[in-house]
**Q** 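Mind looking over this structure? Questions follow.
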Amino acid sequence: MANQKQSGPEPPIKVSTINCIDLSNPDIGESVALLKQACLDCGFFYVVNHGISQEFMDEVFAQSKKFFYLPLNEKLKVLRNEKHRGYTPMFDEVLDPDNQVHGDYKEGYYIGVDVPENDPESEKPFNGPNVWPADGVLPGWRQTMEKFHHEALEVGKAVSRIIALALDLEVDFFDKPEVLGKPIATLRLLHYEDQFSDPAKGIYGAGAHSDFGFITLLATDDVMGLQICKDKDAKPQIWEYVTPIKGAFIVNLGDMLERWSNCPPCTEFWGMVKTDILF
């Protein structure tokens, strides 16, 4: 479970095999079959050919790093507010309090659907205006992240249509206004400390958890840090790495989808992250 450097030979790394769904594949039946199998296996799968260019993905990563490399006093100027917008410092979040001695070795930045303060919708939880670093500090940063938020949301909608078909629903079920017409869609930039987790000491990049939403799209760099556990009730639990694929999203199904679908054969899927940057 740990990736801590130790003396002597290191134990073999367990790497998980998960399905890959090509969003450009004209055979929607094949994509539905792959997604159904992913639900039965582990709740995680890759998505490729999703329409976001590699050049733009690289730019988003570069801009993310620019923010996290700012002095702490600059980042604290955009500290996360009650609407979950803005910066979260190192150790701010604890995902597995039963096993962690302190918060995650990560810092983040939350960006959501922008709702002006004078809009009645802003009174609802998780709705409101975004907060941004000053243009003079990071020129063009806001525009890059707003564009990526929009494009990633479109990828999420494309995945939701495959999920609908896998549940024997109409393909546009989740597009309906009363379902996900106004989604609480959050882009979260994450930066992990350059050190290994040590579960024996209760130290994690991000503790074990299941995501509470509908689906999560993970865009990672080339560092193999994400681990998944296919059976959280196993003793001992078996954690496997998910290999990064350049340009791909790693998708995992969340607790809300489990609830909405009345928990069909898929169970509650757990994952944790050890190192480096994800979106």
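In this chain, numbering begins with 1 at the start of the sequence shown.
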**Q** Checking Asp22 side chain against Ser24 main chain: does a donor-acceptor pair fall under 3.5 Å?
**A**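 A pair under 3.5 Å: yes.
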**Q** In plain terms, say whether Arg161 and Asp175 are close enough for a salt bridge, that is, a side-chain N and a carboxylate O under 4.0 Å apart.
**A**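 Yes, Arg161 and Asp175 are salt-bridged.
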**Q** Is there a path of hydrophobic side-chain contacts, each under 4.5 Å between heavy atoms, that joins Val113 and Leu180?
**A**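 No, it is not one cluster - the side chains of Val113 and Leu180 are not joined through contacts under 4.5 Å.
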**Q** Judged by atom type as modelled, is there a donor-acceptor pair below 3.5 Å linking the side chain of Ser122 to the main-chain atoms of Asn118?
**A**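 Answer holds: no.
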**Q** Mind checking whether Val171 and Val155 sit in one hydrophobic cluster, side chains of I, L, V, M, F, W, Y counted as touching below 4.5 Å?
**A**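 Yes: a chain of side-chain contacts under 4.5 Å links Val171 to Val155.
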**Q** Can you tell me which residue among Leu35, Val251, Leu167, Val47 is in a side chain to side chain contact (heavy atoms under 4.5 Å, CB included) with Ile162?
**A**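 Among Leu35, Val251, Leu167, Val47, the one meeting side chain to side chain contact (heavy atoms under 4.5 Å, CB included) with Ile162 is Leu35.
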**Q** Are any side-chain N or O atoms of Ser64 and backbone N or O atoms of Val60, one a donor and one an acceptor, separated by less than 3.5 Å?
**A**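 Answer holds: no.
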**Q** Fit a plane to each ring of His191 and Tyr69, take the angle between them on a 0 to 90° scale, and name the class: parallel (under 30°), tilted (30 to 60°) or perpendicular (over 60°).
**A**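 Taking Tyr69 first and then His191, their aromatic rings stand perpendicular (interplane angle over 60°).
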**Q** Which class fits the ring pair Trp260 and Phe214: parallel under 30°, tilted 30 to 60°, perpendicular over 60°?
**A**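 Ring orientation, 0 to 90° scale: tilted.
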**Q** Go through the structure and list residues passing side chain to side chain contact (heavy atoms under 4.5 Å, CB included) with Asp135, not counting sequence neighbours.
**A**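 For Asp135 there are no side chain to side chain contact (heavy atoms under 4.5 Å, CB included) partners, ignoring immediate neighbours.
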**Q** Are the side chain of Arg85 and the backbone N or O of Gly128 linked by a donor-acceptor pair below 3.5 Å?
**A**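 The answer is yes, because a donor-acceptor pair under 3.5 Å joins these two groups.
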**Q** If the test is side chain to side chain contact (heavy atoms under 4.5 Å, CB included), which one of Val242, Thr216, Leu226, Ile228 qualifies with Asn252?
**A**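 With Asn252 as partner, side chain to side chain contact (heavy atoms under 4.5 Å, CB included) holds for just one option, Thr216.
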**Q** Centre of Phe56's six-membered ring, under 6.0 Å away, within 45 degrees of the axis: is that where NZ or CZ of Lys147 sits?
**A**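 Yes, Lys147 sits over the ring of Phe56.
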**Q** Output yes when a side-chain donor or acceptor of Asn130 lies under 3.5 Å from a complementary backbone atom of Ile111, and no otherwise.
**A**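 Side chain of Asn130 to backbone of Ile111, a donor-acceptor pair under 3.5 Å: no, none is there.
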**Q** Just by modelled atom types, is the Pro129 backbone N or O under 3.5 Å from a matching donor or acceptor in the Lys83 side chain?
**A**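 Checked: no pair found.
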**Q** Please tell me whether Phe67 and Tyr87 form a close aromatic pair, meaning their ring centres lie under 6.0 Å apart.
**A**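 For Phe67 and Tyr87, the ring centres are under 6.0 Å apart.
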**Q** If two hydrophobic side chains count as joined below 4.5 Å and joins carry through other members, does Tyr109 share a cluster with Phe126?
**A**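 In one cluster with Tyr109: Phe126, no.
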